[in-house]
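This report refers to the structure that appears directly beneath it.
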Amino acid sequence: MSDLQSRLTQIVGAANVITDDFAPYANDWRKKYFGKPLLVVKPGTPEEVAAVVKLCAETKTPIVPQAGNTGLVGGGVPDESGHEVIVSVARMDKVLEVDTINNTMTVEAGCILQTIQEKAAEHGRLFPLSLAAEGSCRIGGNISTNAGGVQVLRYGNTRELVMGLQVVLPSGELWDGLRGLRKDNTGYDLKHLFIGAEGTLGIITAAVIKLFPAPRATQTAFIALESPQKSLELLSHMKGALGDRLTAFELISDFGLSLVTKHFKNLKAPLPQTSPWFVLTDVSDSRDAAALAEEVEVALGEALEKGIIFDCAIAKNETEGKRMWELRENMTESQVHEGRNIKHDVSIPISKMAEFITAADAQLEKAYPGVRPISFGHVGDGNLHYNIAHPLDRFTEESWMKEWEHINLIVHDCVATFNGSISAEHGIGQLKREEIKRYKSPLELRVMRQIKAAIDPQNIMNPGKVI
Ligand SMILES: Cc1cc2nc3c(=O)[nH]c(=O)nc-3n(C[C@H](O)[C@H](O)[C@H](O)COP(=O)(O)OP(=O)(O)OC[C@H]3O[C@@H](n4cnc5c(N)ncnc54)[C@H](O)[C@@H]3O)c2cc1C
């Protein structure tokens, strides 16, 4: 046993230092990155995290913070050097406090997102962060990636949902910023540095998060329409009719939907006829269900009359609504079953979404005739998952992946012409670390490096990620 291993064992106990069977920690969800850690350490308290980091700082051992390991950009997996220690917060999975007057919950960083949602519901509250990985991702990871999900339209990204943080800095010092304050103008708001930092500035050990009154009714509808442009017209129409009760608004292409129904035989398309595009939407309210259903029906009826939509199916009850959402939630996984494609997670001003899709589709088709874009995502937030499957006649999955850099260049340059972002919600991690140099200004990159150097002068906290 090395000296480092024996000292880590003294801090967290032998059962919590993993020395083999690294696969669940070292490989990412998409099976793109296969890292080789030195060890995996699983502290049980913030003090143990602090002691582990202090020891790593003393021995200049690089650390990779990890929560649920569902990240999609390789941020939570180590490199192949065999020198990096994964610090997993998975054992720190408790809800510490629910305050229904302050409307906050204090949670440890390893709390599974779904557990938090369920705890909030037990208290008649809503924690609105919701994404397909919610059964296995953990709040420390959600905060570190500033996760988005399907309710950003109404409640904002994770950044908007975090009120306080407790963080172990790369020196091993424990910063206790666990405040549940809605107003606090006392200088730089440090928590925002750690939100979305992808573990490069410290290890989040706990958080105070924001709760909302649980809606009494949610109405789900699955809508057929002609084009992304029509989806923007529908978004505007629905916002006008229903205001901020419009909670989710997701665009799905026909090709994307067909992959879900192909690979999940138990799931059926809610509408009988095909359509080039669909929208899945949720409207939620504190009023009773019947009143809400009527308003949604009227709004969609008007959209039909105005020629914005072809058809729609309104869920008759919660179970039917959930079945509709299963189609959306299984889009990412259905693509894994179909085979590898080249993925993008881009952000465009909402008003330019349709123009972007037309322009990017045309540029790709010119370069690779027969290319098959799978477009879907949070169009209400201007966030599109724009995944590109290979033309069937001239490429195999393997030969297509060799085009990765060229396809990225076409798509991301197109994003840049719309003043968009090449990572809307998944982050930079390892995947886009080199690419951001092309799209962020030298000044932005310099300030980011200065912040990193100030907080982590030894560069031991998730080195090689983000910058
Ligand atoms: C099927 C599927 C659907 C998804 N849908 C969405 C979606 O709609 N929206 C979205 O935003 N994302 C989505 N994701 C991506 C992923 O679930 C999110 O990025 C999630 O927030 C990651 O949480 P995690 O606990 O798995 O973090 P991990 O993967 O463990 O880590 C992610 C990053 O955070 C760092 N980190 C982890 N814990 C800590 C900590 N305690 N302190 C400091 N740094 C830490 C890691 O080093 C890494 O850089 C999806 C993923 C899958 C597999």
Side-chain angles (χ1 to χ4, degrees), residues 24-33 35 40 42-43 46 49 53 62-78 84 86-93 107-114 116 129-152 157-159 161 165-170 193-207 248 250 325 328-336 343 345 347 376-378 381 383-385 423-431 433 456 461-466:
Y25 306 93
N27 308 333
D28 71 317
W29 189 88
R30 272 189 187 148
K31 306 279 177 284
K32 184 171 171 61
Y33 296 101
V40 179
K42 301 178 85 175
V49 176
V53 175
I63 295 169
V64 180
Q66 194 178 89
N69 197 18
T70 68
L72 298 176
V73 291
V77 293
E84 298 187 334
I86 295 177
V87 177
S88 165
V89 294
R91 280 178 65 221
M92 298 165 54
D93 61 354
V107 291
E108 291 186 319
C111 244
I112 299 235
L113 175 56
Q114 195 173 330
I116 294 173
L129 181 63
S130 174
L131 46 134
E134 63 200 20
S136 40
C137 62
R138 297 172 187 270
I139 193 71
N142 301 141
I143 295 171
S144 300
T145 56
N146 184 26
V150 294
Q151 303 203 77
V152 172
N157 288 297
T158 302
R159 187 178 295 283
L161 306 174
L165 283 184
Q166 184 188 57
V167 183
V168 173
L169 302 181
L193 276 178
F194 301 99
I195 302 170
E198 299 182 55
T200 58
L201 299 179
I203 303 184
I204 296 169
T205 45
E250 300 283 308
W325 272 101
R328 170 64 185 87
E329 282 156 7
N330 285 302
M331 294 212 69
T332 305
E333 199 158 340
S334 69
Q335 290 169 50
V336 175
K343 299 191 190 323
D345 161 43
S347 194
F376 66 103
H378 320 297
D381 316 324
N383 174 194
L384 192 72
H385 298 311
S423 182
E425 58 176 12
H426 295 160
I428 297 296
Q430 307 181 47
L431 186 71
R433 187 193 56 210
D456 182 17
M461 200 52 82
N462 221 0
K465 314 290 168 49
V466 185

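Each ligand, and each atom within it, is numbered from 1 in the order the structure gives. The figures here come from the full heavy-atom set of this structure, side chains too, leaving out hydrogens, waters and symmetry mates. Residues: numbered from 1 along the sequence shown.
Polar contact with ligand 1: present for Ile204 (N/O pair, distance under 3.5 Å). Taking distance alone, with nitrogen or oxygen atoms compared against 3.5 Å, Gly71 approaches ligand 1 more closely than that limit. Residue-to-ligand polar distances place Arg138 within reach of ligand 1: an N/O pair is separated by less than 3.5 Å. Between Pro65 and ligand 1, at least one N/O pair is under 3.5 Å apart. Taking distance alone, with nitrogen or oxygen atoms compared against 3.5 Å, Gly68 approaches ligand 1 more closely than that limit. For the pair Ala67 and ligand 1, the shortest N or O to N or O distance falls below 3.5 Å. For a threshold of 3.5 Å applied to N or O pairs, the pair formed by Gly75 and ligand 1 contains at least one separation below that value. For His385, no nitrogen or oxygen atom sits less than 3.5 Å from a nitrogen or oxygen atom of ligand 1, counting backbone and side chain alike. Backbone and side-chain nitrogen or oxygen atoms of Leu131 are examined, and none is located within less than 3.5 angstrom of a nitrogen or oxygen of ligand 1. Among the atoms of Ser144, some N or O lies under 3.5 angstrom from an N or O of ligand 1.
Nearest residue to atom 12 (N) of ligand 1 from Gln430, His426, Glu108 is His426 (criterion: closest heavy atom).
Contacts of Lys465 with ligand 1, taken as heavy-atom pairs under 4.0 Å, are absent altogether. Contact annotation for Asn142 and ligand 1: heavy atoms of both the backbone and the side chain come within less than 4.0 Å of the ligand. Contact annotation: for Thr145 versus ligand 1, heavy atoms closer than 4.0 Å belong to the side chain alone.
Residue contact check for ligand 1: Glu333 places no non-hydrogen atom closer than 4.0 Å to it. The closest approach between any non-hydrogen atom of Arg30 and ligand 1 is not below 4.0 Å. A heavy-atom separation below 4.0 Å is found between Gly202 and ligand 1. Contact between Gly429 and ligand 1 is absent, with no heavy atom of the residue lying under 4.0 Å from the ligand.
Contact atoms of ligand 1 toward Gly149: 8 (O), 9 (N) (distance under 4.0 Å to a heavy atom of the residue). Within ligand 1, counting atoms from 1 as listed, the ones closer than 4.0 Å to a heavy atom of Ala147 are 11 (O), 21 (O). Proximity to Glu198 (heavy-atom distance under 4.0 Å) selects the following atoms of ligand 1: 35 (C), 47 (O), 49 (O). Near Val89, meaning under 4.0 Å from any of its heavy atoms, are these atoms of ligand 1: 41 (N). Listed by atom number, the atoms of ligand 1 under 4.0 Å from Gly76 heavy atoms are 46 (C), 47 (O), 48 (C), 49 (O). Numbered from 1 in the order shown, with element, the atoms of ligand 1 that lie under 4.0 Å from a heavy atom of Cys137 read 23 (O), 24 (P), 25 (O), 26 (O). Counting atoms of ligand 1 from 1 in the listed order, those under 4.0 Å from a heavy atom of Leu72 are 14 (N), 15 (C), 50 (C), 51 (C), 53 (C). Taking every heavy atom of Asn462 and a limit of under 4.0 angstrom, the matching atoms of ligand 1 come to 47 (O), 49 (O).
Residues Val77 and Trp29 have side chains not in contact (no heavy-atom distance under 4.5 Å, counting atoms from C-beta outward). You'll find the side chain of Lys31 stays beyond 4.5 Å of the side chain of Val336, heavy atoms only. Looking only at side-chain heavy atoms (C-beta outward), Arg30 and Leu72 come within less than 4.5 Å of each other. Here the side chains of Glu425 and His385 are in contact, with some heavy-atom distance below 4.5 Å. Side-chain contact check for Pro65 versus Val87: every heavy-atom pair is 4.5 Å or farther apart.
Note that the CD1 atom of Ile63 and the CD1 atom of Ile203 stand 5.0 Å from one another [nearest 0.5 Å].
Counted by atom type alone, Glu198 and His426 present zero donor-acceptor pairs between their side chains at under 3.5 Å. Side-chain contact check for Thr205 and Gln166: at least one donor-acceptor pair (N or O, by modelled atom type) lies under 3.5 Å.
Heavy atoms only, all atoms of each residue included: Ile204 and Leu165 are closest at CG2-CD2, 3.9 Å. Nearest heavy-atom pair, Tyr25 versus Pro78, reported as atom, atom and distance to 0.1 Å: O-CD, 4.2 Å. Closest approach of Gly199 and Ser144 over heavy atoms only: N-CB, 4.2 Å. Here the closest heavy-atom approach between residue Leu201 and residue Pro170 is recorded as O-CD, 3.1 Å. Residues Ser136 and Thr70 share a closest heavy-atom pair of OG-CG2, 3.7 Å.
Nearest to atom 17 (O) of ligand 1 among the protein's heavy atoms is Thr70 OG1, 2.8 Å. For atom 10 (C) of ligand 1, the closest heavy atom belonging to the protein is Glu425 CD, 3.5 Å. Residue, atom and distance of the protein heavy atom nearest to atom 3 (C) of ligand 1 are Ala132 CB, 3.7 Å.
Contacts of Ala147 classified as side chain to side chain contact (heavy atoms under 4.5 Å, CB included), with partners at least two apart in sequence or in another chain: Leu129, Leu131, Asn142, Thr145, Thr158. Listed by chain and number, the residues in a salt bridge (charged side-chain N to carboxylate O under 4.0 Å, His left out) with Glu250 are Arg328 (sequence neighbours excluded).
Applying side chain to side chain contact (heavy atoms under 4.5 Å, CB included) to Cys137 and the options Asn69, Ile112, Leu113 leaves one that passes, Leu113.
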